[in-house]
Asks: 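This is the structure I want to talk about, given as structure tokens.
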Number of protein chains: 2
Amino acid sequence: MKDVFPDPATFRVNGRLWIEGPADRFLGIGRLELLQHIQLLGSISKAAQAMNMSYKRAWELVSSMNTQARVPLVSTQTGGQRGGGAHLTDAGAQAVADFEALQLRFQAFVEAETARLHG
Amino acid sequence: MKDVFPDPATFRVNGRLWIEGPADRFLGIGRLELLQHIQLLGSISKAAQAMNMSYKRAWELVSSMNTQARVPLVSTQTGGQRGGGAHLTDAGAQAVADFEALQLRFQAFVEAETARLHG
DNA sequence: ATGCGTTATTCCCGGTCAAACATAACGACA
DNA sequence: TGTCGTTATGTTTGACCGGGAATAACGCAT
């Protein structure tokens, strides 16, 4: 296969991994990063802003995750001291940790296959 | 993590895998299937038709692969007995075989991770 | 010569999806 | 009571991508 590629160093295996339910996607790399930002910033709007994503889209992603999961991953509140906010539930934090680990194993897989490609 | 999901049987890990160059995607599952159909049918237009894909798109994919690879994966001819046709080069057949194998290993990975999810 | 089926290429159009915009509700605080 | 920042949600706009139509070239066959 190596004969096929012009520059072995620049051609590599890549991919995307996600967890899906019967209807929609449940958790992927984009949603993971959103959850991480919410965890860090305590707000959907700040997370969206940091990711250069529209608030509406961020909210829709959160809604999709919360409605699909048995237990909501993100807890939100309107009004209050800082106008409201959002934080990860225990299930949310667990999902983040587990998907991070899954993502690491996937990266290892991809790198191994890239190495094999240049074998 | 299992606590998060409503119905363990329906939630699973899934993903996409591809080989990419410095600019564009080079080879993925869609392109693989296109190559397989060309291999089988001897024509880009018939392959496109069989895949319910427009000829234009099929041709663009073939062009993308051929221009990125050192050696073309698909050889075409205009005119002739049957009006022309297309067939895989040795490099093309090799790429198909190798990516099929890669895809199998990826499927095994995905299934293993799905099993782990329901652990 | 003419026809045929394919490759090769350009142009236009419509569907789709996210961005942008708009607005309401909420609750603490001054 | 009014302000503020956030959640929550509907509506419109716009860009992008693929589909489809149109056209030319090609070369064998009749």
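Throughout, protein chains are lettered first and strands after them, A, B, ... in sequence-line order, and every chain is numbered starting at 1.
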Asks: How long is the gap from CG on A/Leu35 to CD on A/Gln39, to the nearest 0.5 Å?
Replies: 8.0 Å

Asks: Rounded to the nearest 0.5 Å, what separates atom CG in A/Asp98 from atom CG in A/Leu102?
Replies: 9.0 Å

Asks: Side chains of A/Met65 and A/Val74: does their closest heavy-atom pair fall under 4.5 Å?
Replies: no

Asks: Using a 4.0 Å cut-off on heavy atoms, which residues in residues 38-65 of chain A reach DNA chain D? List them by number, or say none.
Replies: A/Ser43, A/Ile44, A/Ser45, A/Lys46, A/Tyr55, A/Lys56, A/Trp59

Asks: Using the heavy-atom set of chain A and a strict 4.0 Å cut-off, write down the first and last nucleotide of DNA chain D that makes it in, 5' to 3'.
Replies: D/dG5 to D/dT11

Asks: Would you give the length of the straight line joining atom OG1 of A/Thr89 to atom CG of A/Asn66, rounded to the nearest 0.5 angstrom?
Replies: 7.5 Å

Asks: How does the hydrophobic cluster around B/Leu41 look, that is, which other residues are in it when side-chain heavy atoms under 4.5 Å mark a link?
Replies: B/Leu40

Asks: How long is the gap from CD on B/Glu33 to CG on B/Leu61, to the nearest 0.5 Å?
Replies: 11.5 Å

Asks: Could you tell me the separation between the OG1 atom of B/Thr67 and the CG atom of B/Leu73, rounded to the nearest 0.5 Å?
Replies: 10.0 Å

Asks: Got a sec, which pairs hit side chain to side chain donor-acceptor pair (under 3.5 Å) with one end in residues 45-61 of chain A, sequence neighbours left out?
Replies: A/Ser43-A/Ser45

Asks: Would you mind writing out the side-chain donor-acceptor pairs for residues 15-32 of chain B within the sub-3.5 Å range, not counting sequence neighbours?
Replies:
| unit_1 | atom_1 | unit_2 | atom_2 | d |
| --- | --- | --- | --- | --- |
| B/Trp18 | NE1 | B/Glu20 | OE1 | 3.0 |
| B/Glu20 | OE2 | A/Arg12 | NH1 | 3.1 |
| B/Glu20 | OE2 | A/Asn14 | ND2 | 3.1 |
| B/Arg31 | NH1 | B/Arg25 | O | 3.3 |
| B/Arg31 | NH1 | B/Phe26 | O | 3.3 |
| B/Arg31 | NH1 | B/Ser64 | OG | 3.0 |

Asks: Within residues 72-91 of chain A, which residues have any heavy atom lying less than 4.0 Å from an atom of DNA chain C?
Replies: A/Thr78, A/Gly79, A/Gly80, A/Gln81

Asks: Looking at CZ of B/Arg105 and CD of A/Glu113, how far apart are the two atoms once the value is rounded to the nearest 0.5 Å?
Replies: 4.0 Å

